[in-house]
Amino acid sequence: MSASAADRYAAQHHFIGTITPSGNTVVERVTLGIAHELPDVSVHFSRTPVFGNSDPSPERYATDGLLAAARLLAHAMPAVIVWNGSKGAGIGFEHDRALVAALEAETGIRATTSILGLAALLASRGIRRLGIVTPYSDVSQRTTLDCLAREGYDCVAHAHAGLSDNLSYASVPGAQIAAMARQVAAAKPQAIVCLCTNFPAAVVAAPLEAELGLPVYDSTALGVWHALRLAGADTRPAAPAWGSLFAQGL
């Protein structure tokens, strides 16, 4: 017999707070989809201004907005707050480390980001050779590849959709994402990384892994996964639908 609504509600004891860019329509949908597979998890959201095709602070975070969003989430006392945005893959991972320190100092709550989740995962699994898939324009793609190279990753192949407006990233069809993943898989990376948390790659990661025989890590899913791991949640029930990322811990 299936659990009642009251039983499902009572089972949720891992509270995760998520900050999402304001122009993003993917983070909440993916996070809620993953949480659907994990009956002990409850997810809560706040937003910070990130939208359109221009960035008023292209080389750093607009920290005031992020801290304001975190303060609101802190009222609910989640176990972890995650910034589920991928800007750190273009400006440098040190910016995410500094952001996490600021979030934790502001709220007293453990924090992470999708990019720090990526760094932790790749380090734990000894992965350096990457295939990169994004929705970005030529300029943004080059900025991302250069940043990843500075971080010590060998990007052996890449593909991008050529878009520049934040909202448009969410409209890239799954079939196009799969085609780009197949393209970079030919270079035999250790893993394919899909970057941009408004890019709906998480929903095709599991079938692509089965087809290509390679791990496919999506930045949106990475933010969720790392927050769940830090909160002590068992992520394994999400693996069949959402990919090998969730099958084991660090």
Side-chain angles (χ1 to χ4, degrees), residues 18-27 30 47-66 69 82-103 111-123 127-172 177 180-181 184 189 191-202 216-224 226:
T18 297
I19 304 172
T20 180
S22 60
N24 190 303
T25 62
V26 170
V27 165
V30 167
R47 286 177 173 260
T48 192
V50 180
F51 60 94
N53 59 8
S54 62
D55 186 345
S57 56
E59 297 179 357
R60 61 182 181 84
Y61 282 117
T63 308
D64 289 348
L66 287 158
V82 54
W83 158 237
N84 208 330
S86 52
K87 186 173 181 175
I91 61 175
F93 292 13
E94 72 274 10
H95 290 274
D96 279 48
R97 297 184 188 101
L99 174 62
V100 163
L103 293 172
T112 189
T113 74
S114 62
I115 296 306
L116 294 184
L118 171 66
L121 177 79
L122 296 181
I127 295 173
R128 307 302 296 183
R129 286 171 42 86
L130 305 178
I132 302 297
V133 175
T134 82
Y136 296 148
S137 67
D138 291 347
V139 171
S140 294
Q141 184 80 347
R142 176 45 54 193
T143 298
T144 298
L145 294 174
D146 289 347
C147 177
L148 292 172
R150 290 194 302 272
E151 297 291 341
Y153 300 106
D154 181 11
C155 299
V156 298
H158 67 95
H160 59 293
L163 303 175
S164 59
D165 177 80
N166 186 275
L167 187 59
S168 70
Y169 300 158
S171 68
V172 180
I177 297 170
M180 290 191 287
V184 303
I192 295 171
V193 177
C194 300
L195 286 169
C196 177
T197 65
N198 205 25
F199 184 49
V216 177
Y217 301 136
D218 166 73
S219 55
T220 312
L222 280 159
V224 183
H226 202 220

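Numbering of residues begins at 1 and proceeds along the displayed sequence.
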Novice: Identify the two heavy atoms, one from Val172 and one from Pro135, that lie closest to each other, and give their separation to 0.1 Å.
Specialist: CG2-CB, 4.1 Å
Novice: Could you walk me through whether Val216 and Cys194 pass side-chain contact (heavy atoms from CB on, under 4.5 Å), step by step?
Specialist: CA-CA 7 Å; Val216 177; Cys194 300; 4.2 Å; yes
Novice: Please give me the minimum heavy-atom distance between Tyr169 and Ser164, naming the atom from each residue.
Specialist: OH-O, 3.5 Å
Novice: Any chance you could measure Leu148, atom CG, to Phe93, atom CZ, to the nearest 0.5 Å?
Specialist: 5.5 Å
Novice: Once rounded to the nearest 0.5 Å, what's the spacing between atom OG1 of Thr18 and atom CH2 of Trp83?
Specialist: 11.0 Å
Novice: If every non-hydrogen atom of Asn84 is compared with every non-hydrogen atom of Ser114, which pair is closest and at what distance?
Specialist: OD1-CB, 3.6 Å
Novice: In terms of side-chain heavy atoms, does Asp96 have a donor or acceptor partner in Tyr61 at a distance below 3.5 Å?
Specialist: yes
Novice: Between Leu145 and Tyr153, is the side-chain contact (heavy atoms from CB on, under 4.5 Å) condition met? List the steps.
Specialist: CA-CA 9 Å; Leu145 294 174; Tyr153 300 106; over 6 Å; no
Novice: Looking only at heavy atoms, what is the nearest atom pair of Thr48 and Leu66, with distance?
Specialist: OG1-N, 3.4 Å
Novice: Walk me through it: do Ser86 and Ile115 pass the test side-chain contact (heavy atoms from CB on, under 4.5 Å)?
Specialist: CA-CA 6 Å; Ser86 52; Ile115 296 306; 4.1 Å; yes
Novice: Name the residue from Leu222, Val50, Asp218, Asn24 that meets the side-chain contact (heavy atoms from CB on, under 4.5 Å) definition with Thr197.
Specialist: Asn24
Novice: Identify the heavy atoms of Thr25 and Asn198 that sit nearest to each other, and give their distance.
Specialist: N-OD1, 2.9 Å
Novice: Can any side-chain N or O of Arg60 pair as donor or acceptor with the backbone N or O of His95 at less than 3.5 Å?
Specialist: no
Novice: Supply the atom-to-atom distance Leu103 CG to Thr113 OG1, rounded to the nearest 0.5 angstrom.
Specialist: 9.5 Å
Novice: Between Pro189 and Leu130, what is the shortest heavy-atom contact and its length?
Specialist: CB-C, 3.6 Å
Novice: For residues 141-152, pull every pair meeting side-chain hydrogen bond (donor to acceptor under 3.5 Å, both in side chains), keeping only residues two or more places apart or in separate chains.
Specialist: Thr134-Gln141, Gln141-His158, Arg142-Asp146
Novice: Rounded to the nearest 0.5 Å, what separation is found between the SG atom of Cys155 and the CD1 atom of Ile132?
Specialist: 4.5 Å
